Structure formats: structure tokens, C-alpha cells
Amino acid sequence: MSDPQANAAQIDYWNANVGKTWAELQDLLDAQIDPLGRAAMAALPLSPDAHVLDIGCGCGQTTYQLAERLGSGGKVTGIDISEPMLAVARNRASTAPEVAVRFVLADAQTDALGGGQFDAAFSRFGVMFFSDPTAAFRNIRRRLKPGAPLAFVCWRPISENLWMSAPRACLDDLVPSQPVTDPTAPGPFAFADPDRVRTLLSDAGFSAITLTPHMAHVGVATLEGQVQISLKVGPLGSLLREEPQWRDVATERVSRMLEAYLTPDGVKMPAAVWIVTACA
Ligand SMILES: C[S@@+](CC[C@H](N)C(=O)[O-])C[C@H]1O[C@@H](n2cnc3c(N)ncnc32)[C@H](O)[C@@H]1O
């Protein structure tokens, strides 16, 4: 029996401050992670009339990008547990108005996902937050037609993702970072270990599983924009939500640190991900 409370903690998390932050910073975050999502999307074969599932679609950028790859017979369903992020997604102008796009408030681990049978599934950083990833991927596989492709992008370890670690390190002398007790707990880096991802997908019934390492330099057009992301998202964002008294010193130090990464094309910092593909 699926438990609708299985992801209660994450539902709370993505509907409270964090979901609201993502909704508020949607333009900046989309610019930051767009190249990484596109790298994963390029690994997803799609026929023009496919019905595609976008898992943990958030504010919907990738849902509309998937629609751009389809013809007028195609459909995309974006599912997410975050009301504030889905509200942004529903209000965006479609970049492929001839394709049917819908957004559903649903937990990928436990929900029937609209009851349809999908031709393909995709996710940009939306699959690392399940309390029981095997159950979630089994649920997703059951909603896919046999042999249908899955492609997603997830983070490699934080040590390889300077854009997330360097802002937090700016305060380490004042508030030391706590050691990670369970690297597999739901969170952005839960899929950093490639063997774990292979096992989870295989146990969920997927085959032809591949993980390809991918590196890019990511960032937004202005230093101010990158400072905003750094202060509100990732480990430093979590610290400042709990201990806002460090905000001023963090702003000053992070701005100075980021200057070293400012290029004529905006801020560029190393990011490392896995591009994962599999078949239902
Ligand atoms: C890091 S955000 C990425 C959002 C979006 N894919 C993007 O790239 O902009 C993770 C997303 O996964 C969603 N999420 C977390 N757990 C989920 C679950 N069990 N079912 C569906 N969505 C979930 C969150 O609400 C959030 O929108």
C-alpha cells in the first residue's frame, strides 16, 4: 500500500520557505541550471506525438522545453509536490502553444500520476528527494509504457560543485559546517554515488541504465544575481534561514568570493552532474 504521508517532510519543505524561494528566484535559477537540464534532455529520445512526464517539474521551465520538442499531437505532464512552484509554472507563457501542457500536484512516489501511460519521463534535479527512491522509481516505471526511456540529471558530490560549496565555506570560520551524517538522505546530493543510483533503478525494474559524468561552468549574468542565489539556495541558504544574523557578513564575503568567477559572460562556477538514462 502506498503511504500518502511518505514524503510529508519534503512536501512541507517544498511548500514552505524553500518552494517560495525557488518561485521567487525562478528566472535566476532557470538560467543557472538550464545547461545541465538541456544536457539530460538531449539524452531523451522523443517521438513528436509522445506523452512525456516531467518529474518534480518545479516552476516548469523544462516542461515547456520538452513541449518544444513535440508536435501538435504531443503532451507533457509536469508533476510536483510544491504549490508555489506549480503556480509559477501554470502562469508562464507556453513556448510551444500547439502542445498540450498540464501541471498536476502529485507525489511521484505514491501518486497514480494522472492515471496515464507515458511514452517517456524526464527530470531536472527533481528525483533526489524521495523517502523511498526504489518505491518511487517503481511507481514511475509502472506509469511508463514498456521500453519507454527515462532521462534525468542529478548532482555529483558537493565537493565537485563549487557553486554550492564555496558560498557556505565563506562562513566556515564563524559557523563550522556540520559533517554529513547520512549522504543518502533525501536531498540534492542523495544520488552522488553512481552505484547507488544503478541499484535503485535496477531494483525498481529499469534496464539499460547508464550514468554519464558531465561538467559545466554555470552561473547567472550578474554578480548581484549570483549573490542572491548563493544566499538563498544550497547549504548557505539553509544556514541563513536558521541563523539570519549572519546575513550581512555572508553578503559581504560571498560578493568578494564571487568576483573571482566573474567573466565577460557573467559568473561561471564549476558544476558536476550525472546524466542518467534507463528504459522501463
Ligand atoms: C531542485 S527542485 C528542481 C525543480 C525543477 N525540476 C527545476 O529544475 O527547476 C526539486 C523539485 O522536486 C520536487 N519534488 C520533491 N519531491 C517530490 C516528489 N516526491 N514528487 C514530486 N516532486 C517532488 C520539489 O517540489 C521541487 O520542485
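From a predicted model like this one, the values you see are computed outputs, not experimental measurements.
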Look at the side chain of D203 and the backbone N and O of T134, then say whether any donor-acceptor pair between them is shorter than 3.5 Å.
-> no
Is the closest side-chain heavy-atom distance between V153 and F191 below 4.5 Å?
-> no
When hydrophobic residues are tied together by side-chain contacts of less than 4.5 Å, even through go-betweens, does W155 share a cluster with V180?
-> no
Determine, using ring centers only, whether F129 and W14 are less than 6.0 Å apart.
-> yes
Report yes if some heavy atom in the side chain of Q226 is under 4.5 Å from a heavy atom in the side chain of T222; otherwise report no.
-> no
For the side chain of E160 and the backbone of A272, is there at least one donor-acceptor N/O pair under 3.5 Å apart?
-> no
Closest non-hydrogen atom pair between C57 and D54, with its separation | CB-OD2, 3.5 Å
Kindly indicate whether the side chain of L66, heavy atoms from C-beta on, has any atom under 4.5 Å from the side chain of L44.
-> yes
Is R143 reaching over with its side chain to a backbone N or O of L113, donor-acceptor style, under 3.5 angstrom?
-> no
Rounded to the nearest 0.5 Å, how far does CG of L53 lie from CG of L144?
-> 7.0 Å
Does the pair D248/R253 count as a salt bridge with the N-to-O cut at 4.0 Å?
-> no
From the options W274, F122, F137, select the one residue that forms a ring pair (Phe, Tyr, Trp, His ring centres under 6.0 Å) with F152.
-> F137
Donor-acceptor contact below 3.5 Å, side chain D80 vs main chain V104 = no
If two hydrophobic side chains count as joined below 4.5 Å and joins carry through other members, does L240 share a cluster with V249?
-> yes
How long is the gap from NZ on K268 to CG on L258, to the nearest 0.5 Å?
-> 13.0 Å
Ionic contact status for R256 with E252, cut-off 4.0 Å | yes
Minimum side-chain heavy-atom gap P84-N15 below 4.5 Å = yes
Heavy-atom nearest pair, V227 first then S255, reads CG2-OG, 3.7 Å
Sidechain-backbone polar pair: R241 side chain, K232 backbone, donor-acceptor under 3.5 Å | yes
Of all heavy-atom pairs between V220 and A31, which one has the smallest distance, and what is that distance?
-> CG1-CB, 4.1 Å
Side-chain donor/acceptor of T62 to backbone N/O of Q65, under 3.5 Å = no
From L105 CG over to I81 CD1, what is the distance, rounded to the nearest 0.5 angstrom?
-> 8.5 Å
Measure across A190 and M128 and return the closest heavy-atom pair with its distance rounded to 0.1 Å.
-> CB-O, 3.6 Å
Main-chain N/O of D107 paired with N7 side-chain donor or acceptor, under 3.5 Å | no
Salt-bridge criterion met for R92 and D30 (N-O under 4.0 Å) = yes
Looking only at non-hydrogen atoms, find the nearest pair between L46 and A120 and report the distance.
-> CD2-CB, 3.5 Å
Is L162 reachable from L239 through a run of hydrophobic residues whose side-chain heavy atoms are each under 4.5 Å from the next?
-> yes
With no hydrogens and no angle check, is any side-chain donor or acceptor of D12 less than 3.5 Å from a backbone partner on A8?
-> no
Please confirm whether the backbone N or O of P157 pairs with a side-chain atom of N161, one donor and one acceptor, at under 3.5 Å?
-> yes
Could you give me the CA-CA distance, side-chain angles and deciding distance for S47 and D49, then say whether side chain to side chain donor-acceptor pair (under 3.5 Å) is met?
-> CA-CA 6 Å; S47 61; D49 59 349; 3.0 Å; yes
Rounded to the nearest 0.5 Å, what's the gap from CG on L36 to SG on C154? Could you check?
-> 11.0 Å
Do F125 and F189 make the cut of ring centroids closer than 6.0 angstrom?
-> no
Quick one: are Q32 and W163 in side-chain contact, heavy atoms under 4.5 Å?
-> yes
Looking only at heavy atoms, the pair that brings L236 and P167 closest together is CD2-O, 3.7 Å
Hey, could you give me the CE/CZ distance between M85 and F103, rounded to the nearest 0.5 Å?
-> 11.5 Å
Distance-only, no hydrogens or angles: does the R69 side chain make a donor-acceptor pair with backbone N or O of M41 under 3.5 Å?
-> yes
What distance do R196 atom CZ and L201 atom CG have between them, rounded to the nearest 0.5 Å?
-> 10.5 Å
